[in-house]
Amino acid sequence: MSEDPYLQVAAPPPVTGEGGEVVNPNDEEQPPVPEESQTTKVINLIKSVGTQALMMYFVMSFFKKPQQQQPAQSGAVATVKSPATNLYQDGMSFDLYVFLSEQEEFGDFQVPECLVWKKEGLSFGDWNMGENSDSIFEHSTQFGISSAAQNNGSVYIHSFIVKAGLSPDPSAGKGIFSKKWTAYRTQRLNKFMKKSYKKTANLLTGQTEQSLEDQKKAESGKTEIISHWHPNITVNLVFDHTAWVPGQVPPPLDKFVEFTPSLQQYKPIMWLNDYWNLNRDYMPINSTTPILNITLTFQPLSLFKWQMYSAQQMKNQLNPLAGMMGEEEDDQDQDSVKEAFLETNIYLLVLTFVISIVHSVFEFLAFKNDIQFWKNKKSVEGLSVRSVFFNVFQNLIVMLYVFDNDTNTVIRISCFVGLCIELWKVTKVQDVSFDLENKILGVFPRVKLDDKKDYADSGTKEYDRMAFKYLGMAFFPLAFCYCIYSVIYNEHKSWYSFVLGSCYGFLLTFGFIMMTPQLFINYKLKSVAHLPWRMMTYKALNTFIDDIFAF
């Protein structure tokens, strides 16, 4: 074999547990380390997944129709399907055959290179097989792929379970091949990922770390679909004897339970498990990777775990938000959840789950009380009106930023709704009217904003002006220094993206100081009677939770 290092593109790392978890991922393919802590990320993801699960549940419950039994025709005898039993009984010997092919429909049983693993003498229902008495068997090998597979072709795994002594090859003839005793499952191993190119450069020097090829693709706005490879796959066989009734197997399990023609028995359920294969571990397939490595693992699986895996795989097909979220964003969320399960202590994970629920409740209560406070508010005495206008500016920057960075539709909608709420608050703190005589460009009526009478009479306006004056003394120098740092050391697509990115990053870092004008007004008025204390209490609790788990 050639010593070219590019041929060793997928050196098989140690694999443990179900699904082929990779312990040592490729450093070159890892995304940049996020600024937020792992625990904070888990809290946000659990809330996001929980929200999607609730929406999916309500949508499915709404459209779910009860099954109606059709009356039998006169003179016809109604047939009742009896529960089926597993064709493979405990203690029965079986063999495992694993083939790799570039064709979805497999028939190359006579090609020796296609057979990558043959494991004989396995026992159904035995959880104590093997040297470690855990019934886990591994096999690592290499195989070559054609030029078609190197140019966004596909590679499929074809796995067969047959009764001991039989063959999965139909051409073997009667007595050696038996369709009844053959369980089959196939799946595409490579994964197609989208890669978008964006031209970025230092706005002062014009230099960039991108290659010339990537710059040309970015200028043309090209988006590539690239085939990627993961070196691990697990073949799970469900050791279970549930009495499934034909036609009554609940989805999505019904797609994996195959009954015999007599409907009295069903074949053993086989599951090709790549759940623990993280996106960061996938490596691109191209002309420099004519040989790929793969580690195959056989492991029995309980019915409960199989139900969990199958439900996760079918989630995207049933999730009404999947199209709006985008496949890349959904995969990233799934990877973060998997990393949390793999790398987080179980007690900390349970605590994080509980805290995330409490965090969601506080967040909802803060939003609810905020809306109620402004809805019923008739006077603006003691309230910082300038903070309301600054919140409009802040939400506008956030919305423009997410639109400039190709974020998914759900986030865009949420940012737009947040901006509309802040604009609605302006109508509560100002007298809004339209000047129809002095139109903008002669077409659009001019919006007039006038201070409410109690805002000026109570002294709130003067204190609000003083608060923003003192705040600006510290705010603008910090913002200026942040922009200088960003334009010198970071790359940007354009000056527009630079302005948005700098404003967004600064507001994200120092946005908390915008609470100081309201506190300053309360101090000057010697009163907190006008303060939306419930909303601020819930937000303070959420901020405390975020700060605690940030460490």
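We're numbering straight along the sequence, starting at 1.
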May I ask you to decide if [Y]'s main-chain N or O and [X]'s side chain share a donor-acceptor pair within less than 3.5 Å?
X	Y	result
N151	S147	yes
S360	S356	yes
T141	V116	no
T186	I157	yes
K493	D404	yes
K119	Y97	no
T234	N236	no
H158	Q103	yes
N152	I225	yes
S135	N128	yes

Can you see whether [X] engages [Y] through a side-chain donor-acceptor pair at a distance of less than 3.5 angstrom?
X	Y	answer
D169	Q110	yes
S123	S93	no
N279	H228	no
S227	N190	yes
N286	Q150	no
S154	E102	no

Might you work through the side chain to side chain contact (heavy atoms under 4.5 Å, CB included) test for F256 and V249, ending with a clear yes or no? CA-CA 10 Å; F256 305 98; V249 181; over 6 Å; no
Take the angle between the ring planes of Y88 and F124 and call it parallel below 30°, perpendicular above 60°, tilted in between. perpendicular
Distance-minimising heavy-atom pair for [X] and [Y]:
X	Y	answer
H230	D281	NE2-CB, 3.4 Å
W181	M92	CZ3-SD, 3.7 Å
A84	Y266	O-CE2, 3.6 Å
V98	S159	CG2-OG, 4.2 Å
G125	D90	CA-OD1, 3.6 Å
G153	F192	O-CZ, 3.6 Å

How long is the gap from [atom1] on [X] to [atom2] on [Y], to the nearest 0.5 Å?
X	Y	atom1	atom2	result
F239	N86	CZ	CG	10.0 Å
L348	F353	CG	CZ	14.0 Å
L296	E138	CG	CD	10.0 Å
I294	N232	CD1	CG	8.0 Å
L100	W117	CG	CH2	12.0 Å
I269	L237	CD1	CG	9.0 Å

Between W276 and Y309, is the side chain to side chain contact (heavy atoms under 4.5 Å, CB included) condition met? List the steps. CA-CA 10 Å; W276 299 108; Y309 283 130; 3.0 Å; yes
Could you tell me whether [X] and [Y] have their ring centroids closer than 6.0 angstrom?
X	Y	value
F109	F99	yes
Y275	W306	no
Y401	Y504	yes

Less than 4.5 Å apart, any side-chain heavy atom of [X] and any of [Y]?
X	Y	result
M283	P231	yes
I145	I285	yes
K267	K180	no

Evaluate I136 against T297 for side chain to side chain contact (heavy atoms under 4.5 Å, CB included), listing each step before the verdict. CA-CA 7 Å; I136 299 178; T297 303; 3.9 Å; yes
Cation over ring, K191 on Y282, under 6.0 Å and within 45°?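 K191 over Y282 ring: yes.
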Run the side chain to side chain contact (heavy atoms under 4.5 Å, CB included) test on F259 and Q265 for me, step by step, so that the C-alpha distance in whole Å, both residues' side-chain angles and the decisive distance to 0.1 Å come before the verdict. CA-CA 6 Å; F259 293 91; Q265 295 173 312; over 6 Å; no
Taking everything shown except E131 itself, do over 12 heavy atoms lie less than 6.0 Å from its CD? no
List the steps and the verdict of ring pair (Phe, Tyr, Trp, His ring centres under 6.0 Å) for W229 and F143. CA-CA 13 Å; W229 176 259; F143 68 98; 5.6 Å; yes
So, are E339 and R280 salt-bridged, with charged N and O less than 4.0 Å apart? yes
